[in-house]
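Letters go in sequence order (proteins before strands), and every chain restarts at 1. In what follows, every heavy atom counts, from backbone to side chain, and hydrogens, waters and symmetry copies are set aside. Values in this document were obtained by computation on a predicted structure and should not be read as measured data.
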Amino acid sequence: MSENDNKTAQNSAELATKYDPKAVEAKWYKYWETHRLFHSEPDGREPFCIVIPPPNVTGILHMGHALNNTIQDILVRRARMEGKNALWVPGTDHAAISTEAKVVAKLASEGIKKTDLSREEFLSHAWDWTHKYGGIILQQLRKLGASCDWERTAFTMDDIRYRSVIRVFVDLYRKGLIYRGVRMVNWDPQALTALSDEEVIYKEEQSKLYHLRYKVEDDPEGRYIVVATTRPETILGDTAVCVNPNDERYTWLKGKRVIVPLVGRSVPIIMDEYVEMDFGTGCLKVTPAHDINDYMLGEKYNLPSIDIFNDNGTISEKGGIYIGMDRFDVRKQIMIDLDAKGLVEKIEDYVNKVGHSERTDAVIEPKLSTQWFVRMADLAKPALEGVENDEVKFVPSKFKNLYRHWMTNIKDWCISRQLWWGQQIPAYYLPDGSFVVAETPEEALDLAREKSGNPSLSADDIRRDPDCLDTWFSSWLWPLSLFNGILEPDNEEIRYYYPTTDLVTAPDIIFFWVARMIIAGYEFHGQKPFNNVYFTGIVRDKLGRKMSKSLGNSPDPLDLIDQYGADGLRMGLMRAAPAGHDIMFDESLCEQGRNFCNKIWNAFRLVKGWKADSEIEQPETAKLGIEWFSNVLNRTLAEVDDLMKKFRISEALTAVYKLFWDEFSSWYLEVVKPAYSQPIDQKTYDETLRFFDVLLRLLHPFMPFITEELWQHLAERRDGESIMYAQLPKDEEYSAEIISDFERLKEVVAGIRTIRLKRQIPNKQPLKLLVKGDADSRLDTIIRKMGNIDTIEKCEEKPATAASFIVGGAEYMIPLENSIDKEEEIKKLEAEKKRFEGFLAGVRKKLANERFVANAPEAVVALEHKKESDALAKLAAIETALAALK
RNA sequence: GGGCGAUUAGCUCAGCUGGUUUAGAGCGUCUGCCUUACAAGCAGAGGGUCUGCGGUUCGAAUCCGUAAUCGCCCACCA
């Protein structure tokens, strides 16, 4: 490959006028990979490490991934170029619920029911599925340019990670931090499993508040009370009605019983202050089996609990009626039946929040069941402290509040899932119903024999818990388990790479994952898992809506790469993505990125097209241009360094963007550019290539492909070398004065160009420039070149027909043959005069204020004085210009 | 119900230890250019008084308070 490319590099005329990412990206990615340039092993250098937030193994790349992984890649690539031993570890997550759901659906389409399969058979289908679809997303990450060390690709269910999870479970159990118990849990009737609190998403929904009549038992007057509920189907499980004891409307009910409609069950009236008197009717039906609050009331008053639902959300035998019907169908039917009996008082519109499963979106059913839990309160303490004292730094820091709130109100974590796809809980039940917890079946048997006092117990006598662990129970170990830090806590890799450097993730998994990793880090390794957490924003569409499959508003990142190139997509995403702020994504952002690639490409074509000649003397313009640009370059290097340290990545990219486009292309290249088909002097040529080299290095973390491509055209290199390892210059000095002098020059040139535009003077026609007043002539040669000025002269009297503009304290004039529009000139000058008079008045007001002069720092006062004198000079120039006109 | 964040140009956003010229960028708009690196481009122009009100300060887009609007997170009100 290099032979061919080097040939094209010899002659830029062969480079296309447009950059074509397709031809370049695949080639370089392969080059990087085959030369193992992403690979890292422990050595003497300072480590820099990021672990990828493992995407769902069967998932595909979406915009959130694109953003998140671009940021990680930028950080890793930059670290490499700073001389660090940079490692980015990739991997995927087994995503228990969603993968199992996909496999179940696939089997169903083949007419196979999960219940007909053994656990082993099902798992073999699941592994087939994982191997077939797994890792697609990792291929997609390659398209994005992600410089992951693929040799280290891990999976939350592979051997090391599986065993790590089991070891941790046993460890926590033995520490008394894992327990098994009956609790009200969030049940997903579609996935048929319990969920943790974090996996429930509450959505506001338009629903109804049904007012139902419950007859008072044996009441001679035939009175009834009205109960308000959003879930009439649950009356099948009612075991009481509750009112507030202070509610005078209902004191007559004390000690009475009411009849549950349709089912005809007699239930007691209980009195508890939990009931709000002013909500609904003030009467609350109590269904201990299907509502967390009712459950607590049931416990308190010793009420029976009737579980009227099957696991799949249909009515169970215990419901008595509607057996086998779906809960939502029952809701409709029961209202018809109640209405027929005259038991419906009224139906109101009502907005309430309904819990949905994060994975399946099914409406969650609160359900009593036996599950495994992690006791969190003590585990959370060191993790809370670590973030509070910035040992783990959050960027932006506002997420500390969120974290603190969650950590200080942390609930026990329900970790068992009624699934097969995942790490099976290592608990083994004895014939008597008690259990032991152990890493292996052998160990479990030993423990069981010991516990039962029966040495003849065999493996067949003990039964392993069929449930699996929550996926997050494996991903919370990720920064440790990737380096085998759980099974071998003192190995070389974990010692070298842990704690990792940065974690990049979206804020919506701060509790699911980030908080728990921090907890796990302190608990299982005595150390934080990472130094910094960078929270990205959420990618939204132009209208601010979250991107989602159902809305169809999410572009496919691969399509975008196809259209704009990976660099274009990366650039577009990053320009709009400050930390922690959601980004309103618009394809025009990618267009900008693509255009920028093209700009770089064409700047390169220009430079490579020059013929250098060592016989030619370096012109003054080039000398001055080089002096100026190297200062601007150094200033930007420092600026970018500072911004990157603060994770202000989009600002850093903006700085680089402007440096390349505005300063380098629009000014520097134009200043040093030789006349058409003329050779350039060797010195300027070499300097320009040097600048280009530094610019490419600076750009590389953001735009890896085009920079690698051009870097290889720039200079000869050996096979296996890459810009990836070219080092960034650091701590270069610059002069602010040289830069500001050039800024003034830009104003002068812009002034000349404006006059040309307004007067319709072609750029080709050379002009004469007259200068009146105090002006530095050091950069005059550049003014000549950039403004196409043939002579610059000092002058005292303004010619009658000269158009003019003012920069600093000097007036610049272009004598014109045809007369000028006096009125317009005067108007313009008057406006400018007014502006500066206002400005001057402000400055003088400050300076006249004794307290300002006394209190403000010296430098600030000096600056005000400088502003004053500058404004005075400018005003004087304006005045003389006006006088000359009038 | 609690908490957090936002409100700056037509749009999307910078401006994060108060003073760097009475606010910057990109996109869009307007004007003139196919000037042999780039029309995916070049050269220019216009456009905001920083959501309202009050305060602190010599000085406020920046700090404090308050109101309004929007967004997010958390919470067991049927």
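- Both A/Val275 and A/Lys834 lie near RNA chain B, and the one whose nearest nucleotide falls closer to the 5' end is A/Lys834.
- The side chain of A/Arg575 approaches B/A25 more closely than any other nucleotide in the set B/U22, B/A25, B/C16.
- Spacing between atom CZ of A/Arg594 and atom P of B/A40 amounts to 8 Å, rounded to whole angstrom units.
- A cation-pi arrangement is not found for A/Arg570 relative to A/Phe702, the charged atom failing to lie both closer than 6.0 Å to the ring centre and inside a 45° cone about the ring normal.
- A close approach under 4.0 Å does occur between a side-chain nitrogen or oxygen of A/Lys673 and OP1 or OP2 of B/A37.
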| Per-nucleotide protein contact string for nucleotides 57-64 of chain B (B base, S sugar-phosphate only, - none; heavy atom under 4.0 Å) | -B------
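- In summary, the side chains of A/Asn244 and A/Asp272 do not present any donor paired with an acceptor at a separation below 3.5 Å, with no hydrogens or angles considered.
- Cation-pi geometry between A/Arg753 and A/Trp667 is met: the NZ or CZ atom falls under 6.0 Å from the ring centre, inside 45° of the normal.
- At a threshold of 4.0 Å, the pair A/Asp642-A/Lys645 does not count as salt-bridged, since none of the basic side-chain nitrogens sits closer than that to a carboxylate oxygen.
- Atom P of nucleotide B/G3 and atom CZ of A/Phe511 are separated by 16 Å, given to the nearest angstrom.
- At whole-Å resolution of the value, CG in A/Leu863 and C1' in B/U22 are 14 Å apart.
- One cannot find a donor-acceptor pair under 3.5 Å joining the base of B/C4 and the side-chain atoms of A/Lys398.
- Between the side chain of A/Glu670 and the base of B/A43 there is no donor-acceptor pair of N/O atoms closer than 3.5 Å.
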